[in-house]
Enquirer: 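Before anything else, here's the structure in question.
So you know, we letter chains A, B, ... as the sequences are listed, proteins then strands, and number each from 1.
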Protein chains: 2
Amino acid sequence: MLKYQHIANEIEKYIEDHALKQGDKLPVLEKLMTQFGVSKSTVTKSLDLLEKKGVVFQVRGSGIFVRKHKRKGYINLLASQGFKNSLEEFQLTSEVLQLKVTKPTQEAAVNLNVELNQDVYYVKRIRYIHGQPLSLEESYFNKAIITYLNKEIVAESIFNYITEGLGLKIGFSDTFLHIGKLNEEEAKYLELEKDEPKLEMESVFHLNNGQPFDFSKVTYNYQQSQFFVQASSYSL
Amino acid sequence: MLKYQHIANEIEKYIEDHALKQGDKLPVLEKLMTQFGVSKSTVTKSLDLLEKKGVVFQVRGSGIFVRKHKRKGYINLLASQGFKNSLEEFQLTSEVLQLKVTKPTQEAAVNLNVELNQDVYYVKRIRYIHGQPLSLEESYFNKAIITYLNKEIVAESIFNYITEGLGLKIGFSDTFLHIGKLNEEEAKYLELEKDEPKLEMESVFHLNNGQPFDFSKVTYNYQQSQFFVQASSYSL
DNA sequence: AAGTGGTCTAGACCACGGC
DNA sequence: CCGTGGTCTAGACCACTTT
């Protein structure tokens with residue numbers, strides 16, 4: 001494992017183990033350098049990583065501090081592929097409604113950057129939290145990249161299979177959010193009424209070489225879904 | 001200006017000027033180093049910055065590529081304080097409904113980390129896009145930090161005033177999203193019906209030293225609002 | 001003035017992709 | 001094998017905060 005990743009993990013563990021709260025001060029750079037026996041740049045890189053993840057913030061001339069918000073049960077929109085991290089303490093299950101190899105819709109073809117006659121996996125499933133329907137998902141996977149899927153994989157974590165099983169590396173994702181009203185089918189699956197609010201999330205996931213491999217449309221039950229985003233000021 | 005920021009700006013401008021598209025290749029590191037006359041680390045830092053901003057992605061052994069999604073009119077959830085960047089090409093106006101110095105609500109006091117008897121600025125305004133109501137905003141500013149506000153400032157960009165006028169530096173923000181149904185007052189301002197969908201966004205903005213200075217609750221017109229988030233894989 | 005983080009360099013070596 | 005990006009170092013110097 002890379003040094004700076006390892007150090008970042010250690011620091012995160014340290015925060016966890018000592019139950020540090022927002023604003024608590026971490027050891028100074030010098031201390032961390034000697035403690036881990038690495039150069040300043042490496043420690044800095046670890047801290048930059050933790051800053052991106054929203055775990056710490058650094059103040060010049062002052063120190064390194066813990067960043068931690070208090071709310072629980074929110075889905076982190078930046079933890080890419082959804083919940084596993086944000087909601088790991090909750091009871092999540094999923095039901096696979098459909099799994100097949102087919103041709104993409106126009107929309108899926110555009111987003112996956114494939115031709116209309118190329119094969120894709122189509123997956124439709126419902127996610128439950130504490131037995132309540134949380135979301136209805138439709139996903140398209142480029143079969144040229146994701147060469148094989150089955151019900152077992154799809155019932156568990158597809159992304160875990162992609163990284164572990166297929167040895168692929170996920171690079172980045174684009175996610176688009178809309179608010180609207182449920183249609184009849186969505187309402188049925190989510191156990192709500194037609195025309196009640198919904199959040200629709202469309203995501204395109206790319207490998208680390210930039211190839212899109214997954215286009216997903218997820219409809220959330222508005223009663224169960226809350227999201228958070230931690231931003232840092234590189235946006236000026 | 002810092003070298004790496006300047007270089008990042010230049011590269012972004014280069015992409016813009018040459019109308020590069022997703023997947024287009026940028027000059028190699030070596031080239032950028034000599035072109036800008038800086039060390040490898042500095043170019044790398046620029047590229048990391050652009051990667052965080054979702055402008056490029058780097059592939060080891062292969063090159064540096066442009067990252068660009070096609071959809072227009074989406075609000076970037078990471079560009080902290082809202083629209084200015086994402087929607088700058090659209091006609092945005094705002095109407096100030098209220099501006100006063102008062103005591104915080106319980107909720108605002110908790111989020112701003114102030115006592116209930118400390119002064120805060122309370123601002124209520126509506127944002128319009130192309131003359132259509134986009135959002136209804138209620139904001140609380142810690143008066144100990146944001147020492148002065150007036151109608152003119154509030155009608156324009158408050159954040160611009162905070163950075164330029166007051167010389168403060170914004171550090172990071174936490175944003176929470178909920179979906180719900182409009183109440184009567186919200187419906188009136190947004191020119192919708194009661195019980196129609198709404199997106200409610202609560203944000204806490206912090207200075208670069210970690211102090212929270214702004215707690216805002218924004219209710220979006222579901223017909224006007226679409227959001228996007230670009231994630232990168234540091235989430236593993 | 002002392003403490004602490006941020007920027008930048010020059011260079012060594014490593015890891016991955018593509019020819 | 002070569003081109004290309006990624007990690008890591010040691011050290012100089014800078015900028016902001018705290019005492």
Enquirer: Return the value, rounded to whole Å, for the distance between atom CD of B:Glu51 and atom P of D:dG5.
Expert: 12 Å
Enquirer: Which ranges of DNA chain C pair up as stems, where a stem means three or more consecutive Watson-Crick or G-U pairs with both distances under 3.5 Å?
Expert: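 The stems are C:1-18 with D:1-18.
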Enquirer: Can you check the A:Phe36 CZ to D:dT9 C1' distance for me, whole Å?
Expert: 17 Å
Enquirer: Hydrogens and angles aside, do B:Glu138 and B:Tyr122 bring a side-chain donor and acceptor to less than 3.5 Å of each other?
Expert: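 The criterion, which ignores hydrogens and geometry beyond distance, is satisfied for B:Tyr122 and B:Glu138.
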Enquirer: How long is the straight-line distance from CG of B:Leu78 back to OG of A:Ser232, given to the nearest 0.5 Å?
Expert: 9.0 Å
Enquirer: Show the numbers, then the answer: is there a ring-ring contact (aromatic ring centres under 6.0 Å, His included) between A:Phe227 and B:His178?
Expert: CA-CA 7 Å; A:Phe227 302 87; B:His178 301 258; 9.2 Å; no
Enquirer: For the residue pair A:Tyr74 and B:Phe176, is the inter-centroid distance of their aromatic rings smaller than 6.0 Å?
Expert: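 So the answer is yes for these two rings.
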Enquirer: In terms of the nearest nucleotide of DNA chain D, which residue is placed more toward the 5' end: A:Ser41 or B:Lys169?
Expert: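 Between the two, 5'-proximity favours A:Ser41.
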Enquirer: Between P on C:dC13 and NZ on B:Lys40, what's the gap in Å once rounded to a whole number?
Expert: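 From B:Lys40 NZ to C:dC13 P: 13 Å.
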Enquirer: Say whether B:Thr42 and B:Ser39, considering side chains only, have a donor N or O and an acceptor N or O under 3.5 Å apart.
Expert: yes
Enquirer: Can you name the atoms? Protein N/O to nucleotides 17-19 of chain C N/O, anything below 3.5 Å, with the distance.
Expert:
residue : atom : partner : partner atom : Å
C:dG17  : O4'  : B:Gly61 : O            : 3.4

Enquirer: In whole Å, what is the span from the CG atom of A:Leu2 to the C1' atom of D:dT7?
Expert: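 Distance check: A:Leu2 CG to D:dT7 C1' gives 7 Å.
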Enquirer: Report, as yes or no, whether the 6.0 Å neighbourhood of atom NZ on B:Lys25 holds more than 12 heavy atoms from other residues, nucleotides or ligands.
Expert: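 Result for NZ/B:Lys25: enclosed.
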Enquirer: Side chain of B:Lys68, backbone of B:Leu20: donor and acceptor closer than 3.5 Å?
Expert: yes
Enquirer: Compute the centroid of each ring, for B:Phe205 and then for B:Phe159, and state whether the two points are separated by less than 6.0 Å.
Expert: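 Yes, close enough.
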Enquirer: Mind calculating the distance between NZ (B:Lys45) and P (D:dT7) to the nearest angstrom?
Expert: 14 Å
Enquirer: Examine C:dG6: is either OP1 or OP2 under 4.0 Å from a nitrogen or oxygen in the side chain of A:Gln58? Give yes or no.
Expert: yes
Enquirer: Taking the six-membered ring where the residue is Trp, are the ring centres of A:Phe228 and A:His69 under 6.0 Å apart?
Expert: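 Close enough - the centres of the two rings lie under 6.0 Å apart.
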Enquirer: Is a side-chain donor or acceptor of A:Lys103 paired with a backbone partner of A:Asn117 at a separation under 3.5 angstrom?
Expert: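 Such a contact is found between A:Lys103 side chain and A:Asn117 backbone.
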Enquirer: Short of 4.0 Å, heavy atom to strand atom, which residues of residues 23-33 of chain B count as contacting DNA chain D?
Expert: B:Val28, B:Leu29
Enquirer: What is the distance, to the nearest angstrom, from the OH atom on A:Tyr4 to the P atom on D:dG5?
Expert: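 Interatomic distance, OH of A:Tyr4 to P of D:dG5: 16 Å.
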Enquirer: Is a donor on one side and an acceptor on the other found under 3.5 Å between the side chain of B:Ser46 and the backbone of B:Tyr4?
Expert: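 Yes, B:Ser46 side chain to B:Tyr4 backbone: donor-acceptor pair under 3.5 Å.
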Enquirer: Look at A:Thr42 and D:dT9 and indicate whether a side-chain polar atom (N or O) is within less than 4.0 Å of OP1 or OP2.
Expert: yes
Enquirer: Starting from P on C:dT7, measure out to CG on A:Leu47 and report it in whole angstrom.
Expert: 13 Å
Enquirer: In this structure, how many angstroms lie between the P atom of D:dC8 and the CG atom of A:Leu49, rounded?
Expert: 12 Å
